[in-house]
Amino acid sequence: MSSPALAVAALDFSAAHACDIQLRFSDTDQMGHINNAAYAMFLETARLDLTASLGLPELKVVLARLELDYRREVKLGQRVQILTVVTHLGTSSWSYASRLLADGAVALEARSVQVQVGPDMRPQPLGPALRSALATYLASPVLSSAVTGGAR
């Protein structure tokens, strides 16, 4: 299991889940680049796409933490893809690291913590099936100095 404290750039994204993002004019701000608030929605789309790809569309989850590190601006018309890996599996929570690529270049790095909750909205332990499914995208540290990765 990877440490949740590993920097996003230190993770191997070669087996990451990939999600293409369709940029819209409404995602831009008056400076002509993608507004910072749009990135949280893009990451949510990627997280939902990842859980759906694992056959977990009905998973009840609360987002407990979201960290964004902006690396370069993104403009309307660029090809945007989000690569996501699992970095930690806890008792009732797990962590993702994500990398947003714009035309293949890293434009944003993000970390999030999700908590599985029950009908009462209280944390619920991760069962063996969920743990096994999420382990599909469990990341390892990069073995070389390369920080770009492919997608599954």
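Each of Leu68 and Leu83 belongs to its own hydrophobic cluster when Ile, Leu, Val, Met, Phe, Trp and Tyr are linked at side-chain heavy-atom distances under 4.5 angstrom. By the criterion of side-chain heavy atoms lying less than 4.5 angstrom apart, applied directly or through intervening Ile, Leu, Val, Met, Phe, Trp or Tyr residues, Leu48 is not grouped with Leu134; the two fall into different hydrophobic clusters. Cluster membership check: Val113 does not share its hydrophobic cluster with Leu59, using side-chain heavy-atom separations under 4.5 Å among Ile, Leu, Val, Met, Phe, Trp and Tyr. The hydrophobic clustering, which links ILVMFWY residues whose side-chain heavy atoms are closer than 4.5 Å, places Leu130 and Tyr96 together.
One distance of note links CD of Gln78 with CD1 of Ile21; it measures 14.0 Å at 0.5 Å rounding. Atom-to-atom distance recorded for Arg131:CZ and Leu89:CG is 5.5 Å, nearest 0.5 angstrom. Note that CG of Leu43 and SG of Cys19 are 9.5 Å apart. Values are rounded to the nearest 0.5 Å.
Here the side chain of Thr28 pairs a donor or acceptor atom with the backbone of Phe25 at under 3.5 angstrom. Put simply, the side chain of Glu109 never gets that close to the backbone of Ser98: no donor and acceptor are under 3.5 Å apart. A donor-acceptor pair under 3.5 Å is formed between the side chain of Asp103 and the backbone N or O of Arg79. Under the 3.5 Å distance criterion, the side-chain polar atoms of Gln114 are matched with a main-chain donor or acceptor of Trp94.
When side chains are defined from C-beta on, Val8 does not count as touching Asp69, because their heavy atoms never get closer than 4.5 Å. A heavy-atom distance below 4.5 Å is not found between the side chains of Leu101 and Val80. Looking only at side-chain heavy atoms (C-beta outward), Thr84 and Tyr137 stay at 4.5 Å or farther from each other. Looking at heavy atoms from C-beta onward, Ser112 lies in side-chain contact with Leu63 at the 4.5 angstrom threshold. In this structure, Thr136 and Leu54 have side chains that are in contact, with non-hydrogen atoms separated by less than 4.5 Å. With contacts defined as side-chain heavy-atom distances shorter than 4.5 Å, the pair Leu56/Leu50 does not qualify.
Cluster note: Met31 groups with no other residue, as no ILVMFWY side-chain heavy atom lies under 4.5 Å from it. When hydrophobic side chains of Ile, Leu, Val, Met, Phe, Trp and Tyr are connected at separations under 4.5 Å, Val117 ends up clustered with Val62, Val115, Met121.
Contact record, Ile82 with Ala46: CG2-CB, 3.7 Å, taken as the closest heavy-atom pair. Listed here is the closest heavy atom pair of Val106 and Arg71: O-CB, 3.7 Å. Here the closest heavy-atom approach between residue Leu23 and residue Phe42 is recorded as CD2-CZ, 3.6 Å. Closest non-hydrogen pair, Asp29 versus Ile34, comes out as OD2-O, 4.5 Å. Across every non-hydrogen atom of Arg72 and Ala105, the tightest pair is NH1-CB, 2.9 Å. Between Ala102 and Val74, the closest heavy-atom pair is CB-CG2, 3.9 Å.
Within the structure, side chain to side chain donor-acceptor pair (under 3.5 Å) contacts touching residues 45-64 (residues at least two apart or in different chains) are His17-Asp49.
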side-chain contact (heavy atoms from CB on, under 4.5 Å) for Asp27 and Asn35? Distances and angles first, verdict last. CA-CA 6 Å; Asp27 295 326; Asn35 184 282; over 6 Å; no

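Checked against the 6.0 Å centroid criterion, the rings of Tyr70 and Tyr39 qualify as a close aromatic pair.
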